[in-house]
Student: 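Before I ask anything, here is the structure I am working with.
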Amino acid sequence: MLDPNYVRENLEAVRAALAARNFPPAVLDHFAELDAERRRVNSEADDVNHERNNASKEIGALMQAGKTAEADAKKAEVAGLKGRQAELEKQRDEADVAMRELLSGLPNLPAADVPVGPDESANVEVRRWGTPREFDFEVKDHVDLGTELGILDLERAAKVAGSRFAILSGQGAKLERALVSFMLDVHTGEHGYTETQPPLIVNRETLFGTGQLPKFEEDLFTLTDDRGFSLIPTAEVPVTNYHRDEIVEAASLPMKFVAFTPCFRSEAGSYGRDTRGLIRQHQFEKVELVKICLPEESEKEHEELTANAEKILQLLELPYRTIVLSTGDMGFSARKTYDIEVWLPSQQTYREISSCSNCGDFQARRMGTRVRRAGGSKPEFVHTLNGSGLAVGRTWIAVLENYQQADGSVTVPEVLKPYMNGIERISKA
RNA sequence: GGAGAGGUAGCCUAAUUGGUAAGGCAGUAGUCUUGAAAACUACCGCGGGAAACCGCUUGCAGGUUCGAGUCCUGUCCUCUCCGCCA
């Protein structure tokens with residue numbers, strides 16, 4: 001959520017920023033009058049409330065002094081205020097709701113150094129690591145490799161659940177587990193993150209906090225239970241909300257969490273896209289990095305978090321590139337996002353395997369997460385960051401495709417061998 | 001699922017028959033001190049405001065009342081016991 005004071009004072013700049021995000025700035029047309037009305041009604045309601053509070057105090061004093069007649073007169077006076085007060089409070093609530101609805105639907109403002117452009121064509125590559133391997137045979141994609149090795153079964157998954165689900169078996173399931181353990185060990189052991197296991201089901205307040213609601217309800221799997229539960233689309237949602245409605249101590253920052261969870265996405269509206277294989281699933285596993293930090297530290301923490309995610313690919317010796325998303329390609333809550341893309345031989349291109357975002361104070365304002373600094377100053381909103389470290393299913397794909405051999409087997413990356421009982425390769429059982 | 005107890009500020013604890021949130025710890029600043037501790041003074045829930053000051057706050061939402069931490073209704077959460085259970 002944007003700061004209403006900032007929007008009031010920088011209306012044209014906000015309008016331009018929204019346009020750069022392909023967001024119709026017309027919703028801001030009524031901001032000024034809505035804002036003025038809200039503040040007018042609010043102060044008027046305050047005044048009336050003040051009058052009534054004072055009168056009540058006087059009545060209390062009169063009652064204790066035994067002057068009941070004067071107290072009764074005063075009571076009658078206050079009774080006349082009640083109707084007026086109810087009316088003003090109703091107006092204030094309506095104005096608050098209207099303003100909140102307007103603001104809660106607005107995306108975050110892009111950082112100054114984000115490239116401006118209409119879509120992914122304006123994204124900018126910032127670095128590239130590793131060299132794609134040369135194959136002297138016809139490469140297969142992960143679906144053919146996995147199916148022929150007997151470690152991936154998409155047809156039976158479709159029978160059991162539906163499309164966009166998968167069954168991993170044998171060394172395939174083990175590889176997934178090895179990747180998870182490896183990533184968690186690196187992030188906890190070398191990067192200083194605290195491992196955490198959050199709820200996989202969250203309530204609506206939590207979904208509002210990170211920005212999934214109110215605009216992206218259709219992306220979620222929502223339970224029919226009347227408590228408003230949804231399955232998490234990413235661990236970012238529960239973990240970032242750990243300190244919702246809290247004021248934390250500055251000394252506790254930065255907080256760095258790593259969470260391994262399944263993620264559930266309805267993928268409504270993505271029919272026909274990435275229909276083959278594991279790229280886009282209703283259920284997938286992800287190791288997620290989340291940071292909560294001081295405002296002036298978030299840019300540094302963002303670079304570091306992205307580097308932490310890249311480290312996994314370096315250790316797995318998988319070629320990748322890192323790009324910064326343009327204004328037109330960024331997510332709702334982000335002010336700046338790096339995507340890390342891994343090389344997939346079957347597609348002869350780089351594909352997203354991690355998305356690392358600095359959300360600034362956007363989520364913190366929605367969640368009410370603030371920090372109290374030393375010296376008794378007023379609480380400030382924290383900054384929040386998140387990034388995949390990494391998407392496990394897509395890493396599984398990258399390992400199969402980049403480490404495939406002419407005979408259809410897959411050699412095990414050096415760093416994963418300890419997690420695979422020391423086996424050298426995955427062969428047909 | 002049944003029965004009971006309880007949610008007060010970062011933590012802990014008060015508040016007469018309803019009278020407008022008291023205190024302690026921690027924390028911050030200062031005095032004193034070579035420095036620290038101790039002691040003393042001030043600040044010490046949230047929002048707005050340059051300030052004076054104003055408004056809000058006892059899990060949440062309503063109701064009664066001139067006035068609700070206190071009375072009533074609903075709801076969320078925590079704990080205890082019983083039942084069931086991975």
Side-chain angles (χ1 to χ4, degrees), chain A residues 1-9 32 34-97 99-100 103-104 197-209 213 223 225-230 238 241-255 261-262 292 294-295 361 364-382:
Chain A
M1 195 137 63
L2 303 181
D3 178 359
N5 297 320
Y6 180 86
V7 177
R8 181 187 314 131
E9 285 156 24
L34 205 59
D35 183 52
E37 168 70 3
R38 181 180 62 92
R39 293 198 292 164
R40 182 188 68 76
V41 172
N42 193 48
S43 86
E44 212 172 312
D46 257 20
D47 289 345
V48 175
N49 211 9
H50 180 212
E51 265 186 73
R52 199 187 63 149
N53 282 344
N54 279 344
S56 285
K57 281 180 193 167
E58 288 174 35
I59 292 169
L62 290 170
M63 296 284 280
Q64 286 189 328
K67 301 177 179 173
T68 51
E70 291 175 47
D72 284 343
K74 206 77 189 173
K75 284 186 193 180
E77 193 180 307
V78 178
L81 284 176
K82 285 195 121 181
R84 175 80 181 130
Q85 189 183 25
E87 173 61 22
L88 282 169
E89 282 182 354
K90 185 172 162 240
Q91 287 179 24
R92 177 172 62 184
D93 290 348
E94 286 169 358
D96 278 347
V97 167
M99 179 56 79
R100 189 172 167 80
L103 285 177
S104 65
Q197 293 197 13
L200 306 181
I201 292 173
V202 291
N203 59 36
R204 298 183 70 82
E205 289 76 14
T206 294
L207 289 160
F208 180 85
L213 293 182
L223 306 187
D225 184 291
D226 62 7
R227 283 172 287 192
F229 286 154
S230 291
N241 274 279
Y242 279 177
H243 297 281
R244 174 151 51 81
D245 293 324
E246 287 184 33
I247 300 173
V248 302
E249 297 296 330
S252 68
L253 302 180
M255 297 184 196
T261 68
I292 298 175
L294 292 169
D361 65 4
R365 184 170 283 109
R366 297 170 83 95
M367 294 188 298
T369 302
R370 290 174 292 178
V371 57
R372 191 193 315 278
R373 295 182 194 262
S377 60
K378 295 210 167 183
E380 296 169 51
F381 290 110
V382 297

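A note on names: the letters A, B, ... follow the listed sequences, proteins ahead of strands, and every chain is numbered from 1.
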Student: If you compare all heavy atoms of A:Met1 against all heavy atoms of A:Arg365, which two are closest, and at what distance to 0.1 Å?
Tutor: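 In this case the closest contact between A:Met1 and A:Arg365 is O-NH1, 3.2 Å.
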Student: For the side chain of A:Asn53, starting at C-beta, report the closest nucleotide among B:C46, B:C56, B:C66.
Tutor: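 So the nucleotide nearest the side chain must be B:C56.
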Student: Find the partner of B:C79: check Watson-Crick (N1-N3 plus N6-O4 or O6-N4) and G-U wobble (N1-O2, O6-N3) distances, both under 3.5 Å, and reply none if neither fits.
Tutor: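 Pair assignment: B:C79 / B:G4.
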Student: Which nucleotide, in any strand shown, forms a Watson-Crick or G-U wobble pair with B:U41, with both distances under 3.5 Å?
Tutor: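 Pair assignment: B:U41 / B:A29.
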Student: If pairing requires Watson-Crick or G-U wobble contacts with both distances under 3.5 Å, which nucleotide is the partner of B:C46?
Tutor: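 For B:C46, the partner nucleotide comes out as B:G55, under the 3.5 Å rule.
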Student: Side-chain contact, heavy-atom cut-off 4.5 Å: A:Asp96 with A:Arg38?
Tutor: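 Yes; the side chains approach each other to less than 4.5 Å.
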Student: Look at all strands and tell whether A:Lys57 reaches a base, only sugar-phosphate, or nothing, counting heavy atoms closer than 4.0 Å.
Tutor: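 Contact class for A:Lys57: base.
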Student: Considering only heavy atoms, which members of residues 35-51 of chain A lie under 4.0 Å from some atom of RNA chain B?
Tutor: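 Close to the strand are A:Asp46, A:Asn49, A:His50.
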Student: Let me know, please, whether A:Asn54 or A:Asp93 comes out on the 5' side of the other along RNA chain B by nearest nucleotide.
Tutor: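 The residue whose closest nucleotide sits nearer the 5' end is A:Asn54.
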Student: Hey, which sits more toward the 5' end of RNA chain B by its nearest nucleotide, A:Gln85 or A:Gly60?
Tutor: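 Per heavy-atom nearest nucleotide, the more 5' residue is A:Gly60.
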Student: Do you know which of A:Lys90, A:Arg84, A:Gln91 makes side chain to side chain donor-acceptor pair (under 3.5 Å) with A:Glu87?
Tutor: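 Among A:Lys90, A:Arg84, A:Gln91, the one meeting side chain to side chain donor-acceptor pair (under 3.5 Å) with A:Glu87 is A:Gln91.
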Student: Among the nucleotides B:C66, B:G47, B:G45, which one has an atom lying closest to any side-chain atom of A:Arg370?
Tutor: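 From the listed options, B:G47 comes nearest.
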Student: How far does the P atom of B:G10 sit from the matching atom of B:G47, given to the nearest Å?
Tutor: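 These two P atoms come out 11 Å apart once rounded.
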Student: Under a 3.5 Å cutoff, is there a donor and acceptor pairing between the side chains of A:Asn54 and A:His50?
Tutor: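 Yes, side-chain donor-acceptor contact under 3.5 Å.
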Student: Could you state the CG-C1' distance from A:Asp245 to B:C77, rounded to the nearest angstrom?
Tutor: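 Going from CG in A:Asp245 over to C1' in B:C77 covers 14 Å.
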Student: Name the pairing partner of B:C11, where a pair is Watson-Crick or G-U wobble with both distances under 3.5 Å, or state none.
Tutor: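 For B:C11, the partner nucleotide comes out as B:G24, under the 3.5 Å rule.
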Student: Which nucleotide, in any strand shown, forms a Watson-Crick or G-U wobble pair with B:U17, with both distances under 3.5 Å?
Tutor: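 Base-paired to nothing in any strand shown.
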Student: Taking the minimum atom-to-atom distance to the side chain of A:Pro379, which one of B:G47, B:C66, B:U20 wins?
Tutor: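 Shortest atom-to-atom distance from the side chain points to B:G47.
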Student: Is there a Watson-Crick or G-U wobble partner for B:U73 with both distances under 3.5 Å, and if so, which one is it?
Tutor: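 By the stated definition (distances under 3.5 Å), B:A61 pairs with B:U73.
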Student: Between B:A15 and B:U8, how many Å separate the two C1' atoms, rounded to a whole number?
Tutor: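 After rounding to an integer number of Å, I get 10 Å for this pair.
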